[in-house]
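Every value quoted in this text rests on a predicted model; they were computed, and no experiment measured them.
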Amino acid sequence: MKLLVLGGTHHVGRAIVEAALERGDEVSTLNRGLSRAPAPGVRALIADRTDPEAVRRALVGREWDAVVDTWAWAPRVVREAARLLSDRVGHYGYVSSRGVHRWPWPAGADEQAPLVDGDPGSTDDADYAAAKRGGELAVLESFGERALLARAGMILGPYEDVGRIPWWLRRLEKGGRVLAPAPAQTPLQYLDVRDLATWMLQSAERGLSGAFTVTGPPGAITLGDLLTTALEVTGFDTELVWAPPELLLRHGLPLGMEFGLRLPDGSAPSGMHDADVRAALAEGLTTRPLRETLADTWSWLQAEGDPAPRADAPSPDTWLDAAAEQRLLDQLSH
């Protein structure tokens with residue numbers, strides 16, 4: 001395909017560019033040109049997404065088979081891009097989020113679960129769920145049945161800049177005793193970013209449209225599986241000390257929140273890791289083994305170092321009070 005990736009330098013965008021190049025697609029990216037040099041073979045178009053005239057100049061006179069957009073902020077930016085591309089692109093793939101579903105998420109929810117309200121013309125990005133839903137509506141305005149809305153769950157794997165697995169790997173690397181949020185049998189649902197990228201590209205080639213919940217099968221792994229496998233693939237000499245959530249809360253330790261296992265008040269939300277993904281699986285979504293995801297994430301961290309903290313989220317370095325963790329470890333050792 002001739003593919004345009006809006007973004008293409010971080011996490012999902014980077015994985016999509018690499019997967020497209022591996023497929024032999026002709027790839028263009030549009031971004032500010034500040035974060036990373038373009039991958040070899042990529043045509044780099046330079047523009048700030050928030051400047052409609054700059055975007056128009058960068059896109060003028062060009063056509064593509066498909067576009068993939070990872071934008072997560074003001075929906076109006078998506079609307080402007082979709083309008084500019086409506087008559088020069090065949091398929092629009094938008095990386096959305098399960099966050100567009102109204103809270104609290106029902107257990108076992110599928111694509112039909114209630115949605116939050118969104119405004120495709122909004123310039124506000126303070127509410128992530130509303131911004132992503134507004135982005136969906138903006139794409140549908142211009143592309144309708146030529147649009148794919150990939151409502152992703154927890155995305156792991158190389159290039160992750162949210163801080164989940166990179167943060168845990170760096171904690172485990174220190175060795176010794178490390179707190180973990182019990183119970184170890186807690187189920188987790190996730191998707192490797194490269195599996196998301198492959199599915200979106202294959203779907204674009206087929207012209208698949210509609211909204212899909214895109215994450216791994218429910219019940220495939222537990223939190224214990226994730227952390228013990230991380231120790232196995234890295235070889236770290238670290239002991240996991242499992243602490244019940246009420247004890248973590250009492251000591252001001254938010255462990256588990258990074259995986260959506262509990263809310264700031266300590267309560268455990270429903271529907272986070274049991275989504276019904278039969279629709280996406282029926283349309284060709286495949287998932288690779290957990291061990292591969294973790295080993296490749298560690299290899300990436302070793303090669304490139306920790307990703308820069310996201311501007312729209314607290315730095316992972318501030319998540320956990322080391323002194324409070326040590327006090328609880330001391331208490332649990334008696």
Side-chain angles (χ1 to χ4, degrees), residues 4-17 29-36 47-52 55 67-85 92-103 105 115-143 147-166 190-194 196-197 199-200 211-215 257-260 272 275 307-316:
L4 172 64
V5 180
L6 301 178
T9 56
H10 296 294
H11 202 192
V12 177
R14 180 176 173 184
I16 287 170
V17 167
T29 58
L30 184 138
N31 54 57
R32 294 177 300 169
L34 301 178
S35 300
R36 294 176 55 83
D48 187 328
R49 287 286 303 272
T50 63
D51 182 344
V55 174
V67 58
V68 176
D69 190 353
T70 63
W71 188 259
W73 298 278
R76 183 176 176 180
V77 172
V78 179
R79 170 187 262 181
E80 289 163 347
R83 286 177 171 177
L84 282 169
L85 292 166
Y92 202 117
Y94 181 60
V95 181
S96 188
S97 166
R98 288 192 68 207
V100 299
H101 289 292
R102 194 176 304 157
W103 194 259
W105 296 346
L115 300 168
V116 301
D117 294 327
D119 176 5
S122 174
T123 59
D124 185 8
D125 56 19
D127 184 331
Y128 177 80
K132 274 297 192 184
R133 179 56 182 157
E136 290 188 350
L137 294 172
V139 173
L140 292 171
E141 274 184 349
S142 293
F143 279 81
L148 175 68
L149 308 178
R151 293 173 179 159
M154 184 169 67
I155 305 173
L156 304 181
Y159 321 138
E160 185 212 319
D161 56 3
V162 179
R164 295 185 180 101
I165 300 305
Y190 78 99
L191 188 65
D192 188 298
V193 66
R194 297 163 295 179
L196 172 61
W199 183 78
M200 291 199 72
F212 291 85
T213 301
V214 188
T215 188
M257 286 177 57
E258 71 280 10
F259 293 126
M272 290 294 290
R310 290 170 55 121
D312 60 344
S315 168

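- How far CG of L191 is from CG of L156: 8.5 Å, rounded to the nearest 0.5 Å.
- Of all heavy-atom pairs spanning A72 and A131, the tightest one is O-CB, 4.2 Å.
- Counting only residues at least two apart or on different chains, the side-chain hydrogen bond (donor to acceptor under 3.5 Å, both in side chains) pairs with a member in residues 124-133 are R133-E136.
- Counting only heavy atoms from C-beta outward, the side chains of L115 and H101 approach each other to under 4.5 Å.
- Scored by the side chain to side chain donor-acceptor pair (under 3.5 Å) test, D48 finds T50 as partners (sequence neighbours excluded).
- Using a 4.5 Å heavy-atom threshold, the side chains of V95 and V214 count as separate.
- In this structure A81 satisfies the side-chain contact (heavy atoms from CB on, under 4.5 Å) test together with L6, R49, Y92, sequence neighbours excluded.
- Looking at residues two or more places apart in sequence or on another chain, you find a salt bridge (charged side-chain N to carboxylate O under 4.0 Å, His left out) between E80 and R76.
- Under the side-chain contact (heavy atoms from CB on, under 4.5 Å) criterion, M272 pairs with W103, W105, P269, not counting sequence neighbours.
- The nearest pair of heavy atoms linking V116 to G99 is CG1-O, 4.4 Å.
- T215 places none of its side-chain heavy atoms less than 4.5 Å from the side chain of M154.
- Between A152 and L196, the shortest heavy-atom distance links the atoms CB-CD2, 4.5 Å.
- In terms of heavy atoms, V139 sits closest to A82 at CA-CB, 4.4 Å.
- Of all non-hydrogen atoms in A147 and L140, the two that sit nearest each other are CB-CD2, 4.0 Å.
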Determine, stepwise, if the pair E160 / V193 fulfils side-chain contact (heavy atoms from CB on, under 4.5 Å). CA-CA 8 Å; E160 185 212 319; V193 66; over 6 Å; no

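- Under the rule for a salt bridge (charged side-chain N to carboxylate O under 4.0 Å, His left out), the partners of R79 that lie at least two apart in sequence or sit in another chain are E141.
- With sequence neighbours left out, H10 forms a side-chain contact (heavy atoms from CB on, under 4.5 Å) with S35, D161.
- Scanning for salt bridge (charged side-chain N to carboxylate O under 4.0 Å, His left out) contacts around R32 gives an empty result, with sequence neighbours left out.
- In this structure, L137 CG and Y94 OH are separated by 9.5 Å, a value rounded to the nearest 0.5 Å.
- Proximity of Y159 to T9: side-chain heavy atoms (C-beta onward) are nowhere separated by under 4.5 Å.
- Between A275 and R98, the shortest heavy-atom contact is CB-CZ, 3.4 Å.
- More than 12 heavy atoms of other residues, nucleotides or ligands lie within 6.0 Å of CG in D51, so this atom counts as buried by the packing criterion.
- Put simply, the side chain of L85 reaches to within 4.5 Å of the side chain of F143, judged on heavy atoms.
- The side-chain contact (heavy atoms from CB on, under 4.5 Å) search around L84 returns V55, R56, L59, not counting sequence neighbours.
- Among residues two or more places apart in sequence or in another chain, the ring-ring contact (aromatic ring centres under 6.0 Å, His included) test is passed with F212 by W199.
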